[in-house]
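Worksheet: one structure, shown below.
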Amino acid sequence: MAVRLFHRMAARSAPAVFVCIGPRMQALVEGLFARAQSRRMESPAGAAILLVAGDIPRRAAVALDRIHDQIPPPRETVHWDGCDDPMTELLAAWARLMAGESGEPDRLPDDPPNPWKGHGDHGQGGEGMMGGVPYGRPMAMTGEDPRDGLKLDAYTMRVGPFAPMLPPGLVLELTLQGDLIASARVTEAPFPQPEDANAPRACAARLLRLLGLGPQADRLLRGTAPRSLNAVRALPVGLGAAGTGGDARTRLRGWLEGKPAEGPPPDIPRLLEGREWHEAVVLLNSWPPDTIRQAAEAAR
Amino acid sequence: MTPLVLALPVALLAGAWLGAWLDRLVPVLWGRPAQGPFGPLRDGAALLARPTATTEAPDRLTRWLAPGTYLALAAVGLSVIPMAPGLAPLDSSVGIVVWGACEALTVIAVFLHGWSPNAPFPLIGAYRYVAIGLPVMLPSMFVLIAAALPAESLSLVQVVEAQREVWNVLRQPMGLPLFLLVGLTLTLRGPFDFADGADIAGGTSGQESGPGRALWQLARLTMLTAFSAMAATAFLGGPLGPGLPGPAWLALKTAAVMAVTVGLGHTVARTTPSQMLHPLWVGALPLSFLHLALAGWVAL
């Protein structure tokens with residue numbers, strides 16, 4: 001009785017979805033979650049359903065499989081081509097999962113990328129005290145810090161192509177020192193998106209969400225102006241200044257007034273190097289996705 | 001210790017439920033459909049129905065220690081607050097110091113939470129929270145000492161007694177606004193949610209699912225309860241009031257502070273961490289010195 005009530009309550013909660021956005025689908029997905037009663041989770045770990053929007057290009061297939069496997073089982077995948085409303089399918093999948101059905105198995109082998117057993121006197125896997133790649137995992141090494149002279153450990157990671165805070169398809173290889181980007185390389189450009197993803201409203205909503213104003217971003221996507229005390233002023237003056245196009249703040253103000261952003265595409269590696277992560281993400285979202293795609297194509 | 005200690009879990013759970021409901025009600029202002037009082041329970045059931053996600057080589061001890069500590073700090077913090085005039089679950093002669101310790105240790109709990117999954121974004125959230133948490137906790141101490149000055153005691157029972165004539169919110173007008181900054185930080189909300197923000201894909205909570213995520217959310221909400229009760233006690237006369245019994249007044253005032261805190265969390269945009277540090281060290285800290293000096297002058 002109690003167990004049945006528990007499952008019934010769980011099933012009436014909004015589906016927890018992680019979205020992998022393919023070409024031409026960005027604005028449709030953003031609109032879907034602004035209207036629908038389902039939650040777009042920020043990471044695969046928090047989700048139960050994988051929504052694959054559009055045809056994912058071959059180059060991102062492995063990343064898609066990896067995300068699928070990062071969703072804790074039981075999990076289900078829903079495909080959406082943008083034509084009809086996927087909510088019915090999402091709700092049905094959610095109901096099945098909450099009723100305790102088993103869901104999909106892993107797509108990739110669940111082995112560590114390198115075995116946790118290596119050579120060396122104590123099986124430590126690496127050589128010496130610092131650096132190297134013990135157990136096939138690169139050790140952090142201290143590097144010059146471009147910010148305040150502290151020599152922090154630097155580590156390299158790849159972000160994308162489905163990172164929710166970046167344009168879909170963009171893959172960056174970053175060397176980070178703490179939250180500071182020491183060097184950046186574009187390995188893949190964002191997927192092409194039609195004009196609707198570059199509309200002022202869509203661009204402003206993305207920035208608002210990053211500033212912690214999710215419900216207001218949804219309101220904007222549904223067509224009404226947001227009410228925030230300081231949305232524009234939250235962006236530091238001069239951040240992402242680009243000649244005639246002004247800085248990120250000017251662009252957000254323009255978007256909120258319905259004006260498209262102007263100005264040339266930025267040089268992405270130069271834009272990101274020396275930036276703190278939050279600033280870097282705000283910067284990449286302070287240009288329309290199409291401008292970032294041109295910039296990424298040029299930098300690749 | 002009084003039998004009132006048995007009321008603590010009830011108060012914490014009721015407060016957590018109210019906080020979670022307010023979190024779902026406030027977005028109604030931006031056109032989201034309203035959720036009934038069972039909304040939080042449904043979402044909680046959905047979380048508990050999911051498995052706990054694992055990362056590669058996590059720190060298993062701190063994974064549970066972090067939410068456990070957070071929850072315990074909220075419970076200890078609430079325990080020194082008088083629920084009726086002259087009657088606290090734990091009548092400490094240094095209640096304000098006990099609460100101050102709970103505040104400071106929250107930074108440790110959040111850091112451990114970001115440390116445990118062994119992943120970059122949670123760790124960035126953890127470090128960033130420490131950087132913001134320190135300059136926020138310092139003004140908090142001055143604000144609370146100021147609240148103790150009219151009572152000439154660090155006991156919260158005495159702090160309440162000293163507000164029989166006039167509440168501290170009138171005697172020390174800067175106190176409550178400054179303390180609200182502390183509340184937003186302690187509960188990882190809106191402009192001060194540098195630990196679990198959208199730019200780092202959910203940050204310290206990004207790798208969590210299932211019961212682990214549920215426990216962390218519960219701990220955040222119990223801390224919101226303890227903070228709101230503390231603000232109501234230090235500035236709004238706690239259980240003092242005509243007609244109704246003391247606990248009812250405390251509950252009403254706590255709910256009011258909670259609503260304001262949740263509302264601010266949804267309305268104020270989060271700026272970049274580096275831009276936030278400046279007003280905290282250069283604005284809030286000197287302001288809290290000035291506040292303490294003025295409160296001392298008035299008390300003399």
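- Heavy-atom minimum distance, A/Ala45 versus B/Ser209: O-CB, 2.9 Å.
- Residue contact with chain A, scored on non-hydrogen atoms closer than 4.5 Å, involves the side chain of B/Ile124 exclusively.
- Contact detail for A/Met9 and B/Ala45: the closest heavy-atom pair is CB-CB, 4.1 Å.
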*asked:* B/Phe121 vs A/Glu42, test: side-chain contact (heavy atoms from CB on, under 4.5 Å). Steps then yes/no.
replied: CA-CA 12 Å; B/Phe121 285 141; A/Glu42 289 159 328; over 6 Å; no
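- No side-chain N or O of B/Thr272 forms a donor-acceptor pair with one of A/Glu276 less than 3.5 Å apart.
- For chain A, no part of B/Arg189 is nearby; none of its heavy atoms comes within less than 4.5 Å.
- Looking at A/Leu235, only its backbone comes within 4.5 Å of chain B, counting heavy atoms on both sides.
- If you measure heavy-atom distances from A/Arg222 to chain B, the contacts under 4.5 Å come from the side chain alone.
- Under the 3.5 Å distance criterion, the side-chain polar atoms of B/Arg270 are matched with a main-chain donor or acceptor of A/Leu210.
- With a 4.5 Å cut-off on non-hydrogen atoms, B/Leu47 does not touch chain A at all.
- In this structure, chain B has a heavy atom under 4.5 Å from the backbone of A/Ala47, while its side chain stays farther away.
- Side chain of A/Gln216 to main chain of B/His266: a donor-acceptor pair is present (N/O by atom type, distance under 3.5 Å, no hydrogens or angles).
- Looking at A/Ala14, only its backbone comes within 4.5 Å of chain B, counting heavy atoms on both sides.
- Of residues 93-103 of chain A, those residues with a non-hydrogen atom less than 4.5 Å from any non-hydrogen atom of chain B are, in numerical order, A/Trp94, A/Met98.
- At a 4.5 Å heavy-atom cutoff, A/Val3 makes no contact with chain B through either its backbone or its side chain.
- Of the atoms belonging to B/Asp193, not a single heavy atom falls under 4.5 Å from chain A.
- If you measure heavy-atom distances from B/Gln275 to chain A, the contacts under 4.5 Å come from the side chain alone.
- When all heavy atoms of A/Tyr155 and B/Pro120 are compared, the pair lying nearest together is OH-CB, 3.6 Å.
- B/Leu48 touches chain A through backbone and side chain together, each having a heavy atom under 4.5 Å away.
- Counting heavy atoms from C-beta on, the side chains of B/Arg50 and A/Pro74 come closer than 4.5 Å.
- Both the backbone and the side chain of A/Asp179 have a heavy atom closer than 4.5 Å to some heavy atom of chain B.
- Annotation: the span from B/Thr54 atom OG1 to A/Gln70 atom CD amounts to 10.5 Å, rounded to 0.5 Å.
- For a residue to count as touching a neighbouring chain, one of its non-hydrogen atoms must lie under 4.5 Å from one of that chain's; by this rule A/Arg12 touches chain B with backbone and side chain alike.
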